Amino acid sequence: FSFRFSRYISLHFHHYPANYAFFVSPINESCQLLIHPNPTLQNMANSNVAFFFFFALLIGHGIVELEASHHVYKHLLGLLSSAPANQPYRTGYHFQPPKNWINGVMIYKGVYHLFYQYNPKGAVWGNIVWAHSTSNDLVNWTPHEPAIFPSQPSDINGCWSGSATILPGGKPAILYTGIDPLNRQVQNLAIPKNLSDPYLREWVKSTKNPLMQPTAQNQINSSSFRDPTTAWLGPDNKWRVVIGSKVDQLGLAILYKSKDFVNWYQSKTPLHSANTGMWECPDFYPVPIHGQSGVDTSLNGPYVKHVLKVSLDNTRHDCYTIGSYDNVKDVYKPDEGSVEGDSGLRYDYGKYYASKTFFDDFKNRRILTGWINESSSVADDIKKGWSGVHAIPRKIWLARSGKQLVQWPVTEIEKLRTNHISLANKLLKGGSVIEISGVTAAQTMGFHHVPRIHSSSFSLEKAEVLEPSWTNPQLLCSRKGALVKGRLGPFGLLVLASEGLKERTAVFFRIFKGHNKYMVLMCGDQSRSSLNQDNDMTTYGAFLDVDIRHHKLSLRSLIDHSIVESFGGGGKVCITSRVYPTLAINKAARLYAFNYGSQSIKISKLNAWSMKTAKIN
């Protein structure tokens, strides 16, 4: 049984010199704005864009929480957060402003733009403006003055999530959700004031706002009508856009059409619906049936499948289905056997929400970006002086089986690598732990690859039997945590660990014998990640679809002080953790490989690097 690890720490959004790509994503309960046009569709100017946040706003003398359960801490809004000098949890290469609450990215004329919801007065949600930073490489950032703030009746009570599209002539257009004087969620349009300014420091809102709104005729829920997607062109040359909504617990992808991007009308039927609660931050895009390339959002035909992703407001999970899109009837149908909601497919089985994708036509790939929500308490957020982080961008494509998506960190993050170490053919006997030294364990990038698992290395027949009732992988990971000894597993990594292992976050596998096949369980165990019991230390888990007799079993983990992003089976399962250790911080953090199963495990190859710190002013 050969085991190849991957240890990675880094964040890097890709820079596309000759193209546009906008993405505005929230870093704390949010959505995301993305724009990236295909040069072959200059007139169509279609782009993959999305942009999202979480919603709740302060109205008059009280707090109005508009379905999205975004908590507004009224008694804390006036408090200025003073970031302490000692910051052991701040990430080294994920974007964060110097202090306070953030969430929120885009590229125009070779310059990346990060627009994000920012509270200049504190580390909790409130006093929100659209802050703005730019970058030439999506690693190092320069701040600018805030770009957008409430100024029209159609957004006077809040400028929320939206999406962007490149119109004919290369002109960006943003559709976003605003909160009007009646506290209704309505859809608005904004365009840059000066297209010759590569920094896009000023935006102008349409005088015709709102362009889409709830009425007595359309019977749309005015408190659940938000997050327009990237627009795409149909065969009739009309733009389409989807807006998240609900009726009772029926989640809706309401479809609108337009000839000119200004005058929109609602389609007679939604693109899709399901009984999974409110749909936030919807994303709808095609993926090729074969290969790992990406395609433009408007593409349809026999060589692509379509993906509909929704962020479930009830559970804070990003779930998706794969299916087909009838662009004449404007109806999406999941493939037979698809399961919608939390029991189905998810981008990430840990802390990951409000994600969006865009098509990178420069490198012919689709990129996924998302937001990692906090695990610390509000009191601790105020104490540390900030809240919110972006996940590392991921390339995303359809698996060979056609039944799920595969994700992998973009290769650009490797520019920050330094201090390389490598191990090969290291045997981990049952019950053993070895330290991986020579890198900065709190801020590292590494590859722990698990190439092929040769059945000759151990007897698969010795695997523990998977009981029929063990259908919930997260619950199974909780019951069988890293310290529960087994036969084939647990084995994997102990990251952000303290000396003596009083604190550690465990990412590991267990192998079970199921009905006519072997089942691989991947877990992210945060139960001992911190001695601070005020943190959320949930254990996450998912079953990994890989035939260990013929294919690789691999684990890659990216660690950045308080973030652990792990990719199992080449990216078929992703688990992101947000942890706040008290002992395993900075130079005191350790990294270990472990095997608490009774069978020996061989690490065939391990590569690890320390990561340089990105420049974020």
Side-chain angles (χ1 to χ4, degrees), residues 15-26 31-37 42-53 97 103-118 120 127-136 138 141-180 186-212 228 230-231 239 241 258 260-264 358 617:
H15 174 60
Y16 316 105
N19 302 283
Y20 311 131
F22 291 67
F23 31 98
V24 177
S25 78
C31 290
Q32 179 168 5
L33 162 63
L34 307 166
I35 300 182
H36 203 87
Q42 287 298 320
N43 293 328
M44 295 169 62
N46 183 26
S47 69
N48 295 296
V49 178
F51 132 166
F52 28 88
F53 322 126
N103 70 43
V105 171
M106 147 189 142
I107 183 171
Y108 180 72
K109 292 189 175 181
V111 177
Y112 280 92
H113 297 256
L114 176 62
F115 296 99
Y116 52 95
Q117 289 193 324
Y118 179 61
N127 303 303
I128 297 299
V129 301
W130 278 24
H132 182 200
S133 295
T134 58
S135 172
N136 292 322
L138 283 168
W141 295 90
T142 300
H144 299 287
E145 292 296 317
I148 301 177
F149 47 86
S151 63
Q152 286 186 329
S154 59
D155 66 10
I156 196 63
N157 284 322
C159 298
W160 289 2
S161 67
S163 63
T165 303
I166 301 294
L167 301 180
K171 189 174 185 178
I174 294 176
L175 291 172
Y176 69 96
T177 299
I179 308 302
D180 71 7
V186 300
Q187 314 311 317
N188 302 310
L189 173 66
I191 60 175
K193 182 177 181 179
N194 181 7
L195 290 174
S196 64
D197 177 13
Y199 299 105
L200 297 177
R201 285 168 285 197
E202 295 183 83
W203 289 77
V204 178
K205 300 172 185 177
S206 173
T207 58
K208 294 187 177 182
N209 286 340
L211 306 186
M212 294 164 271
T230 300
W239 292 101
V241 68
S258 175
D260 58 8
F261 220 82
V262 175
N263 298 290
W264 295 84
F358 71 95
N617 294 329

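Nothing here was measured: the structure is a model prediction, and the numbers come from that model. Quick note: numbers below take in every heavy atom, side chains included, and nothing from hydrogens, waters or symmetry partners.
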### Query
Relative to each other, are the rings of Trp239 and Phe261 parallel, tilted or perpendicular (30° and 60° limits)?
perpendicular
### Message
Could you go through Lys171 and Leu195, starting from their C-alpha distance and side-chain angles, then the distance that decides it, and tell me whether this counts as side-chain contact (heavy atoms from CB on, under 4.5 Å)?
### Response
CA-CA 7 Å; Lys171 189 174 185 178; Leu195 290 174; 3.9 Å; yes
Just so I know, are the side chains of [X] and [Y] near enough to count as touching, which here means a heavy-atom distance under 4.5 Å?
X: Arg201; Y: Asn194; value: no
X: Pro172; Y: Trp203; value: yes
X: Ile156; Y: Asp180; value: no
X: Val241; Y: Trp264; value: yes
X: Lys208; Y: Val262; value: yes

Between [atom1] on residue [X] and [atom2] on residue [Y], distance to nearest 0.5 Å:
X: Cys159; Y: Gln152; atom1: SG; atom2: CD; value: 8.5 Å
X: Leu211; Y: Ser258; atom1: CG; atom2: OG; value: 8.5 Å
X: Ile191; Y: Leu200; atom1: CD1; atom2: CG; value: 11.5 Å

### Query
Side chains of Asn188 and Ser154: donor-acceptor distance under 3.5 Å anywhere?
yes
### Query
Between Thr134 and His144, does any side-chain donor sit less than 3.5 Å from a side-chain acceptor?
yes
### Query
Per the side chain to side chain contact (heavy atoms under 4.5 Å, CB included) rule, which among Thr177, Asn209, Leu175 passes with Gln187?
Thr177
### Task
Test side-chain contact (heavy atoms from CB on, under 4.5 Å) on Leu189 and Tyr176 and set out the steps.
CA-CA 6 Å; Leu189 173 66; Tyr176 69 96; over 6 Å; no
### Message
How close do Pro143 and Ser133 get, counting heavy atoms only, and between which atoms?
### Response
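Minimum heavy-atom contact is CA-OG, 3.5 Å.
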